[in-house]
Amino acid sequence: MQRNRKWYRRLAVFCASIFMILALVPETVHAAVVADRVKAVTKTYPSGSYYNGYMTVEYVKNGIRRTYIGHECAGFVMYVTDKAFQKAYYNGSPDYRKIYKTVSTKNTKEMKSLFARAKIGDVIRWTGHGGRHQAIFLGADRRGVQVYEANFGDDYNRVWYAHMWPWNNKALWTDTSSSVSVFRYRDYEKIDRAVKKVSLNRKSLLLKRGKRYRLTAAVRPSTAYNKKIQWKSSDPKIAKVDARGNVKGIKKGHAVITALARDGSGKKASCRVTVR
């Protein structure tokens with residue numbers, strides 16, 4: 001009997017230990033993939049460049065089609081998240097959920113706890129010193145919070161990559177920390193299912209003027225989240241291609257038709273077309 005009690009106690013301790021270990025395991029998020037996508041965005045908008053664009057998102061709410069237009073920091077965050085997730089974040093977006101919200105106003109202790117749980121690619125939305133603002137979370141350490149943002153004022157719409165919000169900036173945090181929220185894309189893990197390869201049914205094609213041929217693209221793996229293809233001709237005056245891969249010979253010459261994966265992976269395949 002006493003031996004059985006010892007066995008039960010050991011089992012209970014073992015189960016408790018397993019539970020604690022599982023509780024400490026962080027949420028599974030493919031931050032490396034997000035980092036690669038965000039890094040790719042910096043090729044278009046490197047640190048110190050200007051972002052003057054607008055982002056428009058069409059969505060359906062209560063059966064009514066609506067349009068959301070973002071500009072300045074909101075438009076930039078929409079642009080980055082669209083590149084990273086193929087789903088642009090916007091205020092009230094159903095594709096994002098609120099992960100954390102802080103209520104601290106007098107010190108940064110709770111802010112540090114908040115950002116310790118944030119993941120690269122999360123959207124930060126806050127109202128406080130300097131007004132309303134949005135940014136992309138990149139990381140946090142003992143110095144402060146690293147963000148990817150578009151700033152204003154003298155640097156109107158200027159993009160800053162890996163910009164720091166230092167903890168010792170009292171003006172920044174004292175008025176701000178009561179209304180900072182962090183949002184995360186609901187299907188975050190799907191971004192890991194990136195396209196690995198695009199192939200075409202033809203590597204070269206001979207067409208007569210006025211004739212058509214449909215190229216077909218195969219995407220691997222079959223579990224890729226976004227398998228859509230963007231078609232492009234190097235010279236539409238010689239051979240043009242439509243959104244379905246239909247190629248038409250226009251006049252004599254050579255052109256290259258490219259099928260590009262639209263998931264942001266950069267994978268593509270091409271076919272050399274000769275028109276005679």
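Just so it is clear, the values below take in all heavy atoms, side chains as well, and ignore hydrogens, waters and symmetry mates. It should be emphasised that the depicted structure is a prediction, and the values quoted were computed from it without experimental measurement.
- In terms of modelled atom types and a separation under 3.5 Å, the side chain of Asp141 and the main chain of Gly144 share a donor-acceptor contact.
- In this structure, Tyr148 and Tyr161 have perpendicular ring planes: the angle between them is above 60°, well past the 30° mark.
- Rounded to the nearest 0.5 angstrom, Glu149 CD and Trp160 CH2 are separated by 9.5 Å.
- Although no hydrogens or angles enter the test, the distance criterion places a donor-acceptor pair under 3.5 Å between the side chain of Asp242 and the main chain of Gly245.
- Asn201 places a side-chain N or O within donor-acceptor distance of the main-chain N or O of Thr216, the cut-off being under 3.5 Å.
- To the nearest 0.5 Å, atom CG of residue Asn91 and atom CZ of residue Arg132 are 8.0 Å apart.
- Atom OG of Ser181 is separated from atom CZ of Arg125 by 6.0 Å, given to the nearest 0.5 angstrom.
- In this structure, the side chain of Ser234 engages the main chain of Val256 through a donor-acceptor pair within 3.5 Å.
- Listed here is the closest heavy atom pair of Leu114 and Lys101: CD1-N, 4.2 Å.
- Remark: side-chain polar atoms of Arg158 are paired, donor with acceptor, to backbone N or O of Gly48 under 3.5 angstrom.
- In this structure the side chain of Asn151 reaches within 4.5 angstrom of the side chain of His133, judged on heavy atoms.
- In this structure, the side chains of Arg37 and Asp263 come closer than 4.5 Å at one or more pairs of heavy atoms.
- No path of Ile, Leu, Val, Met, Phe, Trp and Tyr side chains, each step under 4.5 Å between heavy atoms, connects Val195 with Val41, placing them in separate hydrophobic clusters.
- Once rounded to the nearest 0.5 Å, the distance linking CZ of Arg193 with OG of Ser222 reads 10.0 Å.
- The side-chain hydrogen bond (donor to acceptor under 3.5 Å, both in side chains) test applied to Arg212 returns no partner, not counting sequence neighbours.
- Using a 4.5 Å heavy-atom cutoff, the side chains of Val241 and Asn246 are not in contact.
- Taking 4.5 Å as the limit, every side-chain heavy atom of Thr102 sits out of range of all side-chain heavy atoms of Tyr100.
- Ring pair Tyr89/Tyr96 is perpendicular by interplanar angle, where above 60° counts as perpendicular and below 30° as parallel.
- In this structure, the side chains of Met78 and Val57 come closer than 4.5 Å at one or more pairs of heavy atoms.
- The distance from the CG atom of Leu260 to the NZ atom of Lys228 is 14.0 Å, given to the nearest 0.5 Å.
- Looking at heavy atoms from C-beta onward, Trp165 lies in side-chain contact with Trp126 at the 4.5 angstrom threshold.
- No path of Ile, Leu, Val, Met, Phe, Trp and Tyr side chains, each step under 4.5 Å between heavy atoms, connects Val247 with Ile250, placing them in separate hydrophobic clusters.
- Using a 4.5 Å cut-off on side-chain heavy atoms (C-beta onward), Tyr90 and Tyr59 make contact.
- Other residues, nucleotides and ligands contribute over 12 non-hydrogen atoms within 6.0 Å of the CZ atom of Arg186.
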Atom pairs and distances, side-chain donor-acceptor, residues 64-72, under 3.5 Å, sequence neighbours left out:
| from | atom 1 | to | atom 2 | distance (Å) |
| --- | --- | --- | --- | --- |
| Glu72 | OE2 | Tyr156 | OH | 2.9 |

Just do the side chain to side chain donor-acceptor pair (under 3.5 Å) check on Arg143 and Asn168 with the steps written out, would you?
CA-CA 8 Å; Arg143 298 173 299 162; Asn168 60 8; over 6 Å; no
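- Between the side chain of Trp167 and the backbone N or O of Met111, no donor-acceptor pair lies under 3.5 Å.
- Met164 and Phe76 are assigned to two separate hydrophobic clusters, defined by single-linkage of ILVMFWY side chains at heavy-atom distances under 4.5 Å.
- For Ser233 (side chain) and Ile257 (main-chain N/O), no donor-acceptor pair under 3.5 Å exists by modelled atom type.
- Lys119 places none of its side-chain heavy atoms less than 4.5 Å from the side chain of Phe137.
- Taking the six-membered ring for Trp and thresholds of 30 and 60 degrees, Tyr45 and Tyr51 have ring planes more than 60 degrees apart, a perpendicular arrangement.
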Under the criterion salt bridge (charged side-chain N to carboxylate O under 4.0 Å, His left out), I'd like the reasoning laid out for Arg184 against Asp122: C-alpha separation, chi angles, the key distance, then a yes or no.
CA-CA 5 Å; Arg184 182 167 301 156; Asp122 287 352; 2.6 Å; yes
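- Using a 4.0 Å cut-off between a side-chain N of Lys or Arg and a carboxylate O of Asp or Glu, Asp235 and Lys237 do not qualify as a salt bridge.
- From Ser270, atom OG reaches atom CG of Leu215 across 10.5 Å, with rounding to the nearest 0.5 Å.
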